[in-house]
Engineer: 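Let me begin by handing over the structure; questions about it come next.
Order of the sequence lines sets the chain letters (A, B, ...), proteins ahead of strands, with each chain counted from 1.
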Amino acid sequence: MKEYNFTEIDAKWQEAWQKNGLFKVDIKDCKNKYYCLMMFPYPSAALHVGHGRNYIIGDVVARYKMMKGLNVLTPMGWDAFGLPAENAAIKGGIHPKESTLNNISRMKKQLNSWGVLYDWDREVTSCLPDYYKWTQWIFLKLYEKGLAYRKKAFVNWCPSCNTVLANEQVVNGGCERCDTEVEQKELEQWFFKITDYAQRLLNDIEKLEEWPEKVKIMQKNWIGRSEGVNIEFPLASSEKSLTCFTTRVDTIFGCTYMVLAPEHAMVEELIEGSPDKAKIMKFISEIRNESKIERGQTGTDKKGIFTGQYVINKINGKKIPLWIADYVLMEYGTGAVMAVPAHDQRDFEFAKKYGLPMEVVIDNPKEHLEASKMTSAYEEEGVLVSSGEFNGMSSVKAKEKIADYMEKQKIGKRSVHFRLRDWLISRQRYWGAPIPMIYCDKCGIVPVPEKDLPVLLPEGVEFRPTGESPLKSAKEFVSTTCPKCGGKARREIDTMDTFVDSSWYFLRYISPKMTDKPFDSHDVNSWLPVDQYIGGVEHAILHLLYSRFITKVIYDLGYISFDEPFKRLFTQGMIVKDGAKMSKSKGNVVSPDGLIESFGADTVRLYTLFIGPPEKDAEWSDRGVEGANRFLKRVWGLLDIYSEAKEEASNQEAKDAILRKMHQTIKKVTDDIDGAFHFNTAISAVMELINEAYALINEKGRSCFGKNVLGEVIRNTTLLLGPFVPHISEEMWERQGGEKSVFKASWPKYREDMLITDTVVVPVQVMGKLRGTIEMTRGIKEEDIKKIVLADEKINQWIKDKQIKKWIIIPEKLVNIVV
RNA sequence: GCUCGGGUGGCGGAAUCGGUAUACGCGCACGACUUAAAAUCGUGUCCCUAUGGGAUGUGGGUUCAAGUCCCACCCCGAGCACCA
């Protein structure tokens, strides 16, 4: 028999799968549907083995589910808009469209060389008009619902590159390209009102039973709901009042001053006429010039200034000073904070620095607190003191009672605040979907009518940064007519965040070629939610949250009947090399191409899967790849042994043993895949089976199992390995007379009665220490166990001079004697 | 600082319910085959002062029995970070 020629085998089967359309799906046939989705990639220059892990895992799941008889949909596409292509274009002069499409065709070849299969008829590419037409359509739908709006916002600005930067491009406060310190610049921006969905996005996390707990917690924290009270503080000098939000209303009696964010709308009015007005304005402008990063640091020295104004704390009538400080953020709560230095560390530090008073109102039950002796704020729970009628109450109870009191007295109102902010979707960049909006001097902001979509991204545009959105220079693009009045108008020149493109692509796969609608609602409803979503943890928050949000909006609009897109989520770990993430700059990138050439696709797949549990990071080792190859050769070698074996088994014992091991392996592999995708242990189980087969053959001869049984072992091994190493499995399946594809064959079943043996080897301990093992028949009585154990010479050594106090007997598992 | 993960041989990693710690693979050593090397096959491989003793980041605890449960701490990784 020929040796394992992976080059030939890989090519043969990759061609065959393409030809017979193994993964082509009839969308109308949704019986037993299984939607297996991988996060679509950004088309970068070349894939490394770390990327490969993602696709290989998905391919294993898809092939396995197919063998389980499910109707599997696995599509693939490209998240093709985005900054890297634009940056490369600025540097190298190649148009982003050209480089992106080139990258796509290169990546497709690479995916194919791994033996990773998709239904390519459903391919979507987010930078092509037939796709982004519908991204624009989604924008219009959000606009109609009042969920897309414009407002002034600060953006990251690199003064050297003369451009706006995305948050991801700001590295330690500097521009990722030139390292210049990033400034904040205020521009009109488009937002999606995701905050309207904050509560639902939070509540529905409960529905995501099959998501990793980690991801759910990250989303919860990101949404960041907190309950508290909005309290009114009237100004001492006028009728007006300021509202502040607190989660610690129990500490209200300890509030000794109040602080506003420098951006607070009332500031100017408050300091009008003050002798210190100029000083205060100077202070505010200094704070505003600080970068977000600088100001956002915990523990940085807090800076503030007194406004000259006072407010009244209505619960005790006290007049307290009103300050402005950089540690209060305008974006959260009301931009005004009641300061309780004794019970909040930030207020504590600030009060110390500026000599503001401090009053203990929550006493530590373990150790009495005195304001003058405190070195840090006491933020724990405790008992109320100096709090009027609430004295003696626990802080937990007081939170409720004081809130009740305030609502009754109309001093304050219970309120909920979220950390989540609205989603800023405008990008002053070229390579993205144009925002379909028109500005008319007469009619104002007018949406592009649906019939005029797509708003095409012009191709001949100067995309080198000039300080303004590149589309501004495309005169023919900008100048248009107002859809309302027909007069002269200009187009929006910003493009959309690429996260908008990726927040609905899983719907488009169902109807990728539809021209009059983004998708067919009936088909989408029958195939979604996605049964299994697979991708990197780095998308745990943004992409997954945005997709959930857009799905809910489309649900509310009545286009779909489900409001969570992904039923089950799997996040795979990174592959690292020399302890670091693979990157060109570190020079530790491992390309799959050479490895596939020297060992074959199956070897690379097998090693990638065997390297460790797929949800964890793993260290790549080229030597390990050789081990995987060695194993495949051993599996292949069974074909030779089979062809030389005699019909009849020459050794009954060997035959029984291998059959038992085979059924145990079927169970183990099935359980490992069905459970937590633990492919590494599934593969090691098959290795054990092969090891045992060889050990028995070496010992008892090539015909020890007989042709029948060896053939059965080979066939089942082929089936079990199919999802992991599809090419060699197909080849062996064919050579063993299997019909059609191994993936059209059904997944093997194990026989329960073949899993157990008549006898078990039971460890025997004395005082919890292992002293020997004894073989016993199953179902043996306790008395008989004792007799056997006492009769054992080795065990007896340890108990002969001692008195037996207690027997611990766990049937078929363990015996422990306490002396 | 807060919230999650994680810490087991030279290395990647196994270990359903608390029940034989170190499966499987890599590496290494020795042997076989070979003129030789590679490949392949076989044997061995946690440590020690070895009929025994000690090891799962450290120190305690619960238990007949702890990698697994409880308490305190150390280290590594991820996310959030002046969120009132």
Engineer: Listed by chain and number, what are the ring pair (Phe, Tyr, Trp, His ring centres under 6.0 Å) partners of A:F677, not counting sequence neighbours?
Structural biologist: A:F570, A:F679
Engineer: Could you check whether A:W620 gets within reach of a base, just the sugar-phosphate, or nothing at all, counting any heavy atom under 4.0 Å?
Structural biologist: nothing
Engineer: Tell me what A:R346 touches on the nucleic acid: a base, only sugar-phosphate, or nothing, going by heavy atoms under 4.0 Å.
Structural biologist: base
Engineer: Roughly, in whole Å, what's the span from NZ in A:K769 to C1' in B:A21?
Structural biologist: 14 Å
Engineer: So what's B:U16 paired with, Watson-Crick or G-U wobble, going by both distances under 3.5 Å?
Structural biologist: none
Engineer: Applying a 4.0 Å non-hydrogen cut-off, can you work out what A:G224 is touching in the nucleic acid: base, sugar-phosphate, or nothing?
Structural biologist: nothing
Engineer: May I ask you to verify if any side-chain N or O of A:R630 is less than 4.0 angstrom from the OP1 or OP2 atom of B:G27?
Structural biologist: yes
Engineer: 5'-most contact on RNA chain B: A:Q765 or A:S684, nearest heavy atom basis?
Structural biologist: A:Q765
Engineer: Classify the nucleic acid contact of A:I683 as base, sugar-phosphate or nothing, counting any heavy atom under 4.0 Å across all strands shown.
Structural biologist: nothing
Engineer: Restricting both atoms to N or O, compile the protein contacts to nucleotides 42-50 of chain B shorter than 3.5 Å, with distance only.
Structural biologist:
unit_1	atom_1	unit_2	atom_2	d
B:G42	OP1	A:N698	ND2	3.2

Engineer: So what's B:G5 paired with, Watson-Crick or G-U wobble, going by both distances under 3.5 Å?
Structural biologist: B:C76
Engineer: For B:A84, take OP1 and OP2 only and decide whether either is under 4.0 Å from a side-chain N or O of A:N230.
Structural biologist: no
Engineer: Between the main-chain N or O of A:A628 and the side-chain N or O of A:T603, is there a donor-acceptor pair closer than 3.5 Å?
Structural biologist: no
Engineer: If you compare every side-chain N and O of A:R419 against the phosphate oxygens of B:A81 (OP1, OP2), does one of them come in below 4.0 Å?
Structural biologist: yes
Engineer: What's A:S226 touching, base or sugar-phosphate or nothing? Going by heavy atoms closer than 4.0 Å.
Structural biologist: sugar-phosphate
Engineer: Using a heavy-atom cut-off of 4.0 Å across all strands, would you classify A:N816 as base, sugar-phosphate, or nothing?
Structural biologist: base
Engineer: Among the nucleotides B:A84, B:A23, B:C28, which one has an atom lying closest to any side-chain atom of A:L329?
Structural biologist: B:A84
Engineer: What pairs of nitrogen or oxygen atoms, one from the protein and one from nucleotides 4-13 of chain B, lie under 3.5 Å apart?
Structural biologist:
unit_1	atom_1	unit_2	atom_2	d
B:G12	O2'	A:I611	O	2.7

Engineer: With both distances under 3.5 angstrom, what nucleotide forms a Watson-Crick or G-U wobble pair with B:C46?
Structural biologist: B:G54
Engineer: Check whether any side-chain heavy atom of A:E381 lies under 4.5 Å from a side-chain heavy atom of A:I362, and answer yes or no.
Structural biologist: no
Engineer: Check whether any side-chain N or O of A:R248 sits under 4.0 Å from OP1 or OP2 of B:A84, and answer yes or no.
Structural biologist: no
Engineer: Suppose we define a pair by two distances each less than 3.5 Å, Watson-Crick or G-U wobble; what does B:C26 pair with here?
Structural biologist: B:G10
